Amino acid sequence: MKPETESFFERVYEVAKLIPYGKVTSYGAIAKYLGAAKSARIVGYAMNGSFGKDVPAYRVVNRKGLLTGKHHFEGTNLMQQLLESEGIEIIDNQIQNFEAVFWNPLVELEQL
DNA sequence: TTTCTGACTCGAA
DNA sequence: CTTCGAGCCAGAA
């Protein structure tokens with residue numbers, strides 16, 4: 001895979017970029033995929049610096065499907081609108097039918 | 001250098 | 001059922 005020279009952040013970005021259209025994943029799932037299951041916070045922190053990059057940070061939510069990071073986007077509902085435009089239903093910052101749109105890198109990427 | 005905080009998560013009380 | 005605390009990594013003060 002990637003050399004260890006790349007920081008945890010870089011790896012987070014790469015995984016986030018692999019999230020397919022109409023799907024979402026959680027900070028913890030990405031963290032676990034990177035081998036740091038208890039470093040979900042760092043993933044969220046990394047997302048903070050992903051703004052302006054090719055990283056679809058809006059497709060990353062917490063494990064409950066709650067848009068905890070929406071406050072970091074422009075306006076108050078940009079994150080939600082972006083997700084809804086991909087066919088994901090959101091009510092009160094909560095993704096509906098979350099498990100149906102959940103993309104697990106642990107499962108999807110292990111087959112590559 | 002130490003300390004604090006953060007878009008999280010899990011387990012215990 | 002709700003509430004609380006600990007653990008993780010990185011960067012700023």
Side-chain angles (χ1 to χ4, degrees):
Chain A
M1 264 300 239
K2 301 300 177 181
E4 305 86 27
T5 56
E6 295 196 354
S7 66
F8 195 86
F9 277 38
E10 297 300 322
R11 299 189 182 198
V12 171
Y13 297 151
E14 291 187 28
V15 176
K17 288 179 185 176
L18 297 177
I19 302 175
Y21 180 92
K23 294 293 181 101
V24 298
T25 191
S26 70
Y27 305 96
I30 295 175
K32 192 168 186 176
Y33 173 73
L34 297 177
K38 298 176 182 176
S39 302
R41 318 178 75 187
I42 315 307
V43 177
Y45 189 61
M47 296 282 84
N48 188 20
S50 70
F51 187 77
K53 300 181 182 303
D54 299 327
V55 181
Y58 62 90
R59 288 183 184 151
V60 183
V61 298
N62 70 357
R63 75 182 191 88
K64 302 168 193 167
L66 199 59
L67 280 63
T68 55
K70 63 171 291 185
H71 298 294
H72 294 265
F73 284 83
E74 299 176 9
T76 56
N77 60 344
L78 175 62
M79 185 177 186
Q80 177 176 328
Q81 289 186 353
L82 287 170
L83 292 171
E84 289 182 327
S85 67
E86 296 191 355
I88 299 175
E89 184 180 10
I90 301 174
I91 299 177
D92 192 29
N93 300 330
Q94 170 66 57
I95 294 178
Q96 304 303 300
N97 201 11
F98 181 52
E99 43 187 285
V101 296
F102 181 70
W103 178 81
N104 190 340
L106 290 170
V107 177
E108 304 296 332
L109 300 182
E110 75 179 10
Q111 301 176 18
L112 298 180

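Order of the sequence lines fixes the chain letters, A, B, ..., with proteins taken first and strands second; residue numbering starts at 1 for each chain. Side chains included, hydrogens not; waters and symmetry mates left out as well; all remaining heavy atoms used. A quick note: this is a predicted structure, and the numbers were derived from the prediction, not measured.
- The two residues A/V60 and A/Y27 come nearest to each other via the heavy atoms O-OH, 3.3 Å.
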Using residues 72-91 of chain A as the side-chain source, report each donor-acceptor pair under 3.5 Å to any protein atom, sequence neighbours left out, with the distance given to one decimal.
| residue | atom | partner | partner atom | Å |
| --- | --- | --- | --- | --- |
| A/Q80 | NE2 | A/E84 | OE2 | 3.2 |
| A/S85 | OG | A/Q81 | O | 3.4 |
| A/S85 | OG | A/L82 | O | 2.5 |
| A/E86 | OE1 | A/G22 | N | 3.0 |
| A/E86 | OE1 | A/R59 | NE | 3.1 |
| A/E86 | OE2 | A/Y58 | OH | 2.9 |
| A/E86 | OE2 | A/R59 | NE | 3.3 |
| A/E86 | OE2 | A/R59 | NH2 | 2.7 |

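- Hydrophobic clustering (ILVMFWY, side-chain heavy atoms < 4.5 Å, transitive): A/I30 and A/F102 are in distinct clusters.
- A/L66 and A/V101 fall into different hydrophobic clusters, where Ile, Leu, Val, Met, Phe, Trp and Tyr are joined by side-chain heavy atoms under 4.5 Å apart, directly or via other members.
- Hydrophobic clustering (side-chain heavy atoms under 4.5 Å, transitive across Ile, Leu, Val, Met, Phe, Trp, Tyr) keeps A/I19 apart from A/V24.
- Residues from residues 92-104 of chain A placing a heavy atom under 4.0 Å of any atom in DNA chain B do not occur.
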Report, as a single string ordered 5' to 3', how protein heavy atoms within less than 4.0 Å touch nucleotides 5-11 of chain B: B base, S sugar-phosphate only, - not at all. -BBBSS-
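- A/Y33 and A/V61 fall into different hydrophobic clusters, defined by Ile, Leu, Val, Met, Phe, Trp and Tyr side-chain heavy atoms under 4.5 Å apart, directly or through other members.
- Taking atom NZ of A/K32 as the reference point, atom P of C/dC8 lies 16 Å away to the nearest angstrom.
- A donor-acceptor contact shorter than 3.5 Å links the side chain of A/N104 to the backbone of A/L106.
- Note on A/L109 and A/V12: same hydrophobic cluster, where clusters join Ile, Leu, Val, Met, Phe, Trp and Tyr whose side-chain heavy atoms are under 4.5 Å apart, directly or indirectly.
- Here, C/dG5 and B/dC4 have their P atoms 16 Å apart, quoted to the whole Å.
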